[in-house]
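The chains referred to below are lettered A, B, ... by the order of the sequence lines, with proteins before strands, and numbering in each begins at 1. Note that these values count all heavy atoms, side chains included, but never hydrogens, waters or copies made by symmetry.
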Amino acid sequence: MSGALKVLEIARINLLRQLRDRSSAFFVFVLPTIIVVALGLQFGGSSRARVGIVAPAGDAAAAALVALLEEDPARFDIRRPADVATLRAQVERGQLEAGVVIPSGYGAALGGERTVEVEFLGTMDALSQGIRAPIEAAVAHQAAIVTAARVAAGSGAGTWDAAVAVAEAALPSIPGIRVPVTRVGGEGLFANFGMFTFGAQTQLLLFVFLTSMTGAGQLVLTKTLGVSRRMLSTPTAVRTIVLGETLGRLAVALLQAAYIVAVSSLVFGVAWGDPLAAGAIILAFSLVGAAVAMLIGALSSNAEQASSLGVFAGLALGALGGCMIPFEIMPQVMQDVARLIPHSWAILGLRSLVQHGGGIESVASNIAVLAGFAAVILSLAAWRFRGSIVR
Amino acid sequence: MVAASSAVPVLQVRDLRKRFGAVEAVRGVTFSIAAGETYGLLGPNGAGKTTTISMICGLRSRDGGEVLLDGQPVDVGAVGVKAGIGFVPQELAIYPDLTARENLVFFGRLYGMGGAELRSRVGEVLELIGLTDRANDRTATYSGGMQRRLNIGIGLLHRPRLLLLDEPTVGVDPQSRNAILESIDALGEGGMAILYTTHYMEEAERLCDRVGIIDQGQIRAEGTRRELVALIGRQDQVRLTAGGDLVAAAAAARAVPGIVGAAVQDGCLEVLAVNAREVLPRLLEAVHRAGVLVKGVDVVEPDLEAVFLHLTGKALRDAGG
Amino acid sequence: MGAALRTALLVMAKDLRQRLRDRSVFIFAVAAPLGLAVIFSQLLAGTTDFHASYVVADLDRGTLATTFREQVLGSLVKAGVADVAEVADAQAARVAVEAGSAQAAFVIPAGFSDAITAGRGTSLQVIGASSAGLATEIARSVAARFGDGVVAVQLSVVTASTLRGGTLTAAQAGAVVAAASAAASPVAVVDVRAALRQLTWSTYFSASMAIMFLFFAAQVGMVSLFEERRQGTLARILAGPVAPWSVLLGKVLGGFVTAVVAMAVLVVATTVLIHADWGPPVGVALLVLGAVIAAIGVSTLVISFMKTADGAGAASSAVAITLAILGGSFTPTSQAPEAMATLALLTPHGWFLRGLGDMQGGGGLTDALPAAAVLLAMGGIAGALGFLRARRLVSIQ
């Protein structure tokens, strides 16, 4: 048999072993499906701040204030809890980012002379403070009419009711101060790019890597069962064995990637961009995963240790590389760290394919970096693997 | 059978039966072992030896029969009575990540031992199995023979009334095997009853006071070596060293008048004949016609091997696996 | 009974000794969750303390522009919400935002104050970075609110004038302006601090990683039963004077002690290393105990259906990961839609995190009791079923 045929044979046996193991079917196919669906549910929800409002029923002024808050649907997702206690509980549990309580008798109190208090139920949280500003602006908008009506009625020009009617009618004609908002700078994280697509891409990378990691344990088993030595006793080079074992992991990882791409695009309509380019990135990345698994397998002396190390490495690198938390949210230091992790190169590559619609040439540098990672780690693994079986 | 009337045997096994689905693995096994006696169950692989031992020490439920240890019934649910049994499983049953001492102490405590008694007994057993020097190394680092010796040592630790040894020498190198046999030989002297299963005729001959020949779940014959060999009567055992298709040769040999049985064992053709001198020319001719080249002929004194062949018509070790 | 307990403790002690020698348990019970908690807390460091940086280009330099700069924007600075720097002109403001040195800019046009005083319209431009939605929104709100203050005065004059039939003497107008300017805001937004019953990021991920890996640590006891069977040591133990269920109990106890120790180490280590704030110690201890019992119970039940060590390990890992995802170990369910939050309450993970959250913001032991009770109930029911079923595993088939 030629070297290449041997490599394929070793790879085939490995693929077979992994596919026969029923538990691996769970990790390769079922688990990613669960995650992609769970992500769909999570990201399918609103990304707007959820604000709960409790307002007295049948109060026109209160209704007007609520309408002001609901005016811009992009800003808040307005919820209407039944009572203050529910509102408070939901804010406390983080199910609402903030709450607004308009007191009963609000409309009548506006006609009085006192300052009417609208309660803002928030936390010390920064986000909460951010939400407070637009609410104050809405209140100030309504307060302008109330002030005008109070001052006019107070000056003896007419009754409160008449003053309110006049002020409301006159409001549109008041020159005031316009606040035009211009947006500049780079697009936001999810511009031209669904949250779900982001989720599907990062989860694909996370899982493909994790699947490769389970190979680490198997490699140690191969090693301890003496199979590798037996292979070595046949006229087969260490290089061939390492390559074959790597190819076996790679095949499983690619199978899984194909499955995730298929499910996410067919069922959830996730876009993946240019197929050739996306395929090349996934291939290069899977190769890195297989290489890391080989390295861990070569370094470990028992299978359980290798498996636990592998899973940990898969999760940790995934987190550091931006699979769980978008780079943009990370502090600068961690963003720099992410550049050292293969995942980040794959994520940025896949993202740019969808955001900018480029072809394979647009992500050539990403693919090159990933290939470089794979080459270095694989050589390291082959060297260590040789050391561990040729003693 | 003088001893039987003077004292209750340590172990009494009566009409033991066990069925696995359609296979009846043990079909009415009965025997007993007196104090200080070593009893051998000799039979090929699959004869029902391990199943019998498992039922005796309460690891498996039985479909029929009874097991009495010093007159007390042993069953799957039994707890206290099992303290009187020492069990040495066929496969190694030791913790590879613990040291020999830790293995011994753990099992000693399980049998209710403790304190200074356990400490000194562990020392004794380590000495007996020759592992004193390596007592504090993890057993994973031991040679196969050392692991085997520890496997046996654990069974001896709590000074059981009855020691069950299930093929303790399988897969052991000749040197370790000899050491194991020597140490077992010494055990019976302490008054312990020993049940020893094996498919090695030589071990049964060397160690056992009495031997039960077991095949297909039944004890076919029982007695001392002398008694068993006497069963064959005045038959002769002929061993042909030969090359070629021995199985065909055995079949051809069986057809020869005056031949009681023929079987292939360890690369030889074992033949049991009524009279070796008379039958030899015809035997050689038949074998020759079967296309086998005979290189040597020995007429040997009958042993348990021959008894087995006599009783079952097949060889002990190659008997259908 | 005493003998059975002695057997159980012996098996447990032996298991723990073996586990101490096997580094893999340490890896997945302590090192992995700790490592991931540290990583997550580093990744999310700073996401909760919101701070905006603004620039303002004042091309007017009039009274009202100064009021806006010093009082309105000044109050933001004083509240620690933002820092504000001045730039020379609109171009510089835009450049600052584009370059990312500011998240949003205010541009006060020339003639701003005069226009307002004269009752003419004017504008207050906000230039926001696309990537800084919240900071821009706050900037817009602040400017709009200032504008509404001006509107209030102008609207007062118009309203009074209209009511009087369109005629207003200069003196009357002056009085109205003065009254309107001096009037206290008729509606005020007052803060009612909700005690946030939520965990900080570092605490959240410390707790969520801890309970995720707890389910891996909890299974080791039961899985070792298969290992004992393979090694033949199970047969050897059962041949001795022991009740089979006491061996099972020993295995479960071994898993329990492993899990409790791992959790205790994690609580202490995350508190020291990443300043996780788990809450009142007694309540935390109660929840940890509940979580450990739930984890042991669930994994005992899952494993009782399995036939091999590989199958048992894989099945309980699969269950552990699925529960972790549903229970919010990776993303706080509070940020997910209600359906996910409800689903989370089917998992021990969800209740554990909820119980810890309930003790935050001044809560105490009593706030943790409902969650602890649910955890104990989950563990008790699953564990009892599992223990009964798993008795078949301690026999020689």
Side-chain angles (χ1 to χ4, degrees), chain A residues 23 26 38 41-42 45 91-95 115-121 123 126 129-130 133-134 136-137 139-141 143-144 146-148 151-152 155 157-158 163 166-167 170 174-185 187-188 304-305 308 312 315-316 319-320 325 329-331 334, chain C residues 24 27-28 32 39 42-43 45-47 49-50 97-98 120-131 134 138 140-141 143-145 147-148 150-152 154-156 158-160 162-164 179-180 183-192 194 196-198 314 318 325 334 336-337 340:
Chain A
S23 66
F26 175 86
L41 282 176
Q42 276 185 6
V91 171
E92 282 180 347
R93 291 210 189 286
Q95 291 159 350
T115 298
V116 184
E117 294 188 339
V118 170
E119 291 182 349
F120 175 75
L121 196 61
T123 60
Q129 292 308 304
E136 284 198 323
V139 167
H141 196 64
V146 178
T147 303
V151 168
S155 71
V166 169
I174 299 299
I177 300 174
R178 285 182 307 112
V179 181
V181 177
T182 324
R183 299 262 175 181
V184 297
E187 296 154 351
E304 277 176 28
Q305 202 179 325
S308 343
F312 172 62
L315 289 175
L320 287 173
I325 292 160
I329 297 180
M330 298 180 188
M334 298 312 285
Chain C
S24 64
I27 293 174
F28 65 72
I39 289 173
Q42 290 308 307
L43 291 181
T47 50
D49 7 306
F50 175 82
V97 175
E98 276 173 344
R120 290 196 309 272
T122 182
S123 66
L124 181 49
Q125 197 192 1
V126 171
I127 303 169
S130 299
S131 55
L134 185 58
I138 293 178
R140 188 201 67 79
S141 301
R145 199 176 145 209
D148 280 323
V150 170
V151 167
Q154 293 173 338
L155 187 60
S156 299
V158 172
T159 305
T162 310
L163 283 173
R164 288 182 187 278
S185 175
V187 190
V189 174
V190 294
D191 273 320
V192 180
L196 186 61
R197 305 266 165 135
Q198 270 183 290
I325 290 165
S334 65
M340 282 294 287

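Under the 3.5 Å distance criterion, the side-chain polar atoms of Gln154(C) are matched with a main-chain donor or acceptor of Gly176(A).
Ranked by heavy-atom pairs shorter than 4.5 Å toward chain C, the options Ala140(A), Ala148(A), Ala137(A) are led by Ala148(A). Among Thr162(C), Val158(C), Ile39(C), Val126(C), the residue with the largest count of heavy-atom pairs under 4.5 Å with chain A is Val126(C). For the set Ala144(C), Ser185(C), Ala143(C), Pro186(C), the count of heavy-atom pairs under 4.5 angstrom toward chain A peaks at Pro186(C). Put simply, of Ala160(C), Gly121(C), Ser123(C), the one with the most heavy-atom pairs under 4.5 Å next to chain A is Ser123(C). With chain A as the partner, the residue from Thr122(C), Val151(C), Leu155(C) showing the most heavy-atom pairs under 4.5 Å is Leu155(C).
Across Ala163(A) and Thr159(C), no two heavy atoms sit closer than the pair O-CG2, 3.4 Å. Contact detail for Thr147(A) and Ala180(C): the closest heavy-atom pair is CG2-O, 4.2 Å. Closest approach of Ala144(A) to Ala152(C), counting heavy atoms only: CA-CB, 3.7 Å.
Between atom CD of residue Glu92(A) and atom CG of residue Leu121(A) there is a gap of 8.0 Å, rounded to the nearest 0.5 Å.
Only the side chain of Val150(C) comes within contact range of chain A, with heavy atoms under 4.5 Å apart. Only the side chain of Val151(A) comes within contact range of chain C, judged by heavy atoms closer than 4.5 Å.
Judged purely by distance below 3.5 Å, without hydrogens or angles, the side chains of Thr182(A) and Gln125(C) pair a donor atom with an acceptor atom.
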